[in-house]
Amino acid sequence: MKRNILKLLACAATIMFFNSGYVIAQDKLSKDLYIAATIPDSLKDKANAVVRYSSDELYIKDKDKIITRHHSIITILNEKGDDESRLILYYDKKFNTVNSVEVVAYNAAGMQLKKYHKSDMYDRAAIDGMSIITDYRLLALSHTVASYPATIEVTYETSRNSYLDLGEWQYLEPEKAVQYAEYIVRTTPESGFRYLNKNTTIKPQKTYEDGFDKYIWKVSSLKAIKPEKDAVNWQVFPHIAFATKYFQFDGLPGDISNWQSYGKWQQALNADVCTLTPQRVEEIKAMTADLKTDKEKARFLYNYMQQNMRYVSIQLGIGGLKPFPATFVDQKKYGDCKALSNYMSALLKAVNIPSYYAMIRAGENQEPANASFPSDPFNHVILCIPFKGDTTWLECTSNTKPFGKLGSFTENRNALLITENGGVLINTPKSVMQDNQFNSEVHLALNPEGGAKAEVKILSTGGYRDDYIGLASLKTDEQKEYLIRALNMKQPSIIDIKPATDKDGTKEIGIDLEYDKFCDIAAGNKMFYRPRAFDLWGTTVPVLEKRRNDFYFSHPMQKSCVTTIDLPAGFEVETLPVNQNLNFTYGSYDVKYIYDAVKNQVISTTKFNLTTHVIPAAKYNEMQQYMDNIAKAQNKKLVIRKKA
């Protein structure tokens, strides 16, 4: 399960706390906070919901004990804010407990409509679709909002007896305004409490009470922010990360004051699980005996693992942090990211090839671990092989990923290598446009009635290869719908997807298309066509007076298409689209048309390059104009006419 539920538990736990003085504080709240009409007009702009009041308190009692409590009053302005009427709390039977819950719903005038308690919540296993067995559970509650505006008040308390870090406080979320919010931390000085501001400069008030350091952060009158298209939230919204220097998880004390010490804790945790049986080691050596180099052996063993092991997740006890033994995976033929990476390391160990278990924050364009703030933001594990001059990274959960390729899920990210000397934070490779190629050939035959047949061949690598491999998991109709939408095709009368090869990191796919009507306009003896079966580039972006945030694509890319168009017998070209060469700072688009009168064919060659996947906000307007120009270029018409 790639440790995801454990991270959800950590996040859920950081928004809860303890009993002393709580009722008094609640009684002091103004009744106006429950009345929608009292929301300042300035907070309604761009908002789907308004946080009228929010208080979170985190009480760090010891290295392995925290109590948290949450109290919020949120007014929902429209149906887009309905998520605020739903509550999900994660827990498990060993480490995390939900002590109490109360949810109260009010109408616009502040009149109470309904009250819910913990006993009203739906309790079930926190199945993520991949875990086959788990200790994690969730409590869920959903209130149906009958009319808007409506106000939801939530209070709950939880306790935990093991933790690594303390998550973060994101006090401003997309399209949600904040009237008042606070976050309070009470901790023993010995815990080594730390915090890190991200996209904010607010500072806490710090006092000392009854043997505890007390930190209070406060914000108020924050207007809602509507995210810009293809910006990443972690670069936009303010949040504050929390951690301690020392922790204890499942009775195992640890030091997370620096990356090296945290790596030592994880290395000790893994020490007894990375060895195969002597008999199995001899079998692995025999399997690779004829291979000459360590890299050839590593490639062979990676392919062996891909063909013989499958990804599933088991989350029991400390299983969210510790891999299952390599012998378990070898016998059962399955494991999660931790277990499979550990197993691959054991295979390499059998033939004397060193490798490192590598913890990473996975997900396309996800926030990387901060080098200056040691903590546990990780949700995935991969493997690193430190070949001399050629460090190789392996994604061990995939049975299709080429040897040494990561992709947008984990590329260009800080990974914590678990070495013999502890943790070392290093960056994973960043792909270039040549790693993500979409190359295509199209043979398009027009008929005199305006219809057409097309044969399409696509060769894809990197992110595009992942897309087309994933296509196989869809039903036939879903595959057709995806291709028409993704390639911006004109709706065909018939579409036939041909099985094709996947070899050496290149996925091939074939598509046959038939159109009863392919021409856009027929007038007299002329027919007008967009001279392609699909658009090589389909994205445009809106005009903005000023872009605030960087624009993110999935990855850099290189695309090409050679289209050969057979004109109908008795027709010739009247107007050929003009050649185009368009450029912007981070890319280019080039299309050339040639008419071969002897063969009565039009041949177009189109190329598109994007050299980086992150476009600085200052270059947005240039990109916007560039993409508009591509759209205009792709809309130019080929005009053919009947010969005299």
Side-chain angles (χ1 to χ4, degrees), residues 3 6-18 56-70 90 92 94-97 157-171 182-198 200 202-217 239-269 318 320-322 359 361 367-379 414 416 418 422-423 425:
R3 309 169 79 228
L6 188 68
K7 303 306 292 183
L8 286 169
L9 284 164
C11 293
T14 59
I15 50 174
M16 314 166 211
F17 71 100
F18 63 100
D56 294 287
E57 187 162 350
L58 172 63
Y59 178 25
I60 305 169
K61 299 183 70 174
D62 207 338
K63 292 179 182 179
D64 61 349
K65 288 182 175 60
I66 58 176
I67 300 174
T68 57
R69 181 185 280 167
H70 170 82
Y90 294 89
D92 63 71
K94 186 172 183 180
F95 300 122
N96 307 276
T97 304
E157 178 184 288
T158 70
S159 56
R160 301 176 63 196
N161 59 21
S162 281
Y163 69 91
L164 278 174
D165 66 0
L166 305 170
E168 61 184 33
W169 182 39
Q170 183 171 316
Y171 57 80
E182 65 182 17
Y183 200 102
I184 303 169
V185 175
R186 298 176 193 266
T187 178
T188 59
E190 296 77 23
S191 71
F193 175 74
R194 301 171 289 131
Y195 67 90
L196 177 69
N197 282 3
K198 303 176 183 180
T200 181
I202 66 170
K203 296 180 179 180
Q205 300 171 357
K206 183 180 178 182
T207 57
Y208 186 76
E209 295 180 3
D210 301 324
F212 287 87
D213 289 330
K214 181 180 179 182
Y215 299 79
I216 304 178
W217 288 262
H239 47 300
I240 302 171
F242 305 113
T244 55
K245 289 184 178 180
Y246 310 106
F247 67 92
Q248 186 165 296
F249 200 100
D250 200 22
L252 302 174
D255 178 343
I256 200 168
S257 58
N258 57 67
W259 293 112
Q260 183 182 19
S261 61
Y262 179 43
K264 286 182 178 179
W265 183 83
Q266 187 71 47
Q267 199 248 0
L269 194 65
I318 202 168
L321 297 170
K322 181 172 182 172
M359 301 162 67
R361 178 71 172 267
E367 181 177 13
N370 189 301
S372 65
F373 190 74
S375 59
D376 183 52
F378 310 113
N379 62 359
N414 285 332
L416 186 66
I418 309 304
L425 199 68

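Just so we're clear, the structure is a prediction, and the values are computed from it rather than from any experiment.
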Just wondering, do Ile60 and Leu166 contact through their side chains at under 4.5 Å, heavy atoms? yes
Side-chain heavy atoms of Asp213 within contact of Phe193, under 4.5 Å: no
So, do Lys206 and Tyr215 sit near enough that their side-chain heavy atoms are less than 4.5 Å apart? yes
Run the side chain to side chain contact (heavy atoms under 4.5 Å, CB included) test on Thr188 and Asp62 for me, step by step, so that the C-alpha distance in whole Å, both residues' side-chain angles and the decisive distance to 0.1 Å come before the verdict. CA-CA 7 Å; Thr188 59; Asp62 207 338; over 6 Å; no
Heavy-atom pair with the smallest gap, counting every atom of Ala243 and Asp165: CB-CB, 4.3 Å
What are the two closest heavy atoms between Asp56 and His70, and how far apart are they? OD1-ND1, 2.6 Å
Between the CD atom in Gln248 and the OG atom in Ser162, the distance rounded to the nearest 0.5 Å is 7.0 Å
Should Asn96 and Thr158 count as side-chain neighbours, where that means a heavy-atom distance under 4.5 Å? no
Any side-chain donor near an acceptor of the partner, Thr200 and Asn197, under 3.5 Å: no
Drop me the distance from His239's NE2 to Tyr171's OH, to the nearest 0.5 angstrom. 10.0 Å
How are the rings of Tyr262 and Trp265 set to each other: parallel, tilted or perpendicular (split at 30° and 60°)? parallel
Using a strict cut-off of less than 4.0 Å between a Lys/Arg side-chain nitrogen and an Asp/Glu carboxylate oxygen, indicate whether Asp250 and Lys94 qualify as a salt bridge. yes
Any heavy-atom pair between the side chains of Ile240 and Ile202 that's under 4.5 Å? yes
Would you give the length of the straight line joining atom CD of Glu168 to atom CD of Glu367, rounded to the nearest 0.5 angstrom? 6.5 Å
Over all heavy atoms of both residues, which pair between Pro253 and Gly251 is shortest? Give the atoms and the distance, please. CD-O, 3.3 Å
Taking only residues two or more places apart in sequence or in another chain, which ones pass ring pair (Phe, Tyr, Trp, His ring centres under 6.0 Å) with Tyr163? none
Taking every heavy atom of Ile256 against every heavy atom of Arg194, the minimum-distance pair comes out as O-NH2, 3.3 Å
Measuring from atom CG of Leu425 to atom CG of Asn370, what distance do you get when rounded to the nearest 0.5 angstrom? 9.0 Å
Got a second to check how far Glu57's CD is from Glu157's CD, nearest 0.5 Å? 10.5 Å
Checking Asp64 against Phe249 for the side chain to side chain contact (heavy atoms under 4.5 Å, CB included) test, could you report, in this order, the C-alpha distance in whole Å, the side-chain angles of both residues, the deciding distance, and whether it holds? CA-CA 6 Å; Asp64 61 349; Phe249 200 100; over 6 Å; no
Report yes or no: does Asn414 contribute a side-chain atom to a donor-acceptor pair with the main-chain N or O of Ala369 at less than 3.5 Å? yes
Please enumerate all residues that pass side chain to side chain contact (heavy atoms under 4.5 Å, CB included) together with Lys61, with sequence neighbours excluded. Tyr59, Lys65, Ile67
Side chain to side chain, Glu182 and Ile184, heavy atoms closer than 4.5 Å: yes
Determine whether a donor-acceptor pair (N or O, by modelled atom type, separation under 3.5 Å) exists between the side chain of Ser261 and the backbone of Asp255. yes
Interatomic spacing from OG in Ser159 to CZ in Phe95 - rounded to 0.5 Å: 13.0 Å
More than 12 foreign heavy atoms under 6.0 Å from NZ of Lys198: is that the case here? yes
Residues passing the ring pair (Phe, Tyr, Trp, His ring centres under 6.0 Å) test with Tyr195, sequence neighbours excluded, are Trp217
Can you give me the closest heavy-atom contact between Pro189 and Gly211, atom names plus distance? CD-O, 3.6 Å
Nearest heavy-atom approach of Phe212 to Arg186 is CD2-C, 4.3 Å
Would you indicate whether the side-chain heavy atoms of Leu416 and Ile418 approach each other to under 4.5 Å? yes
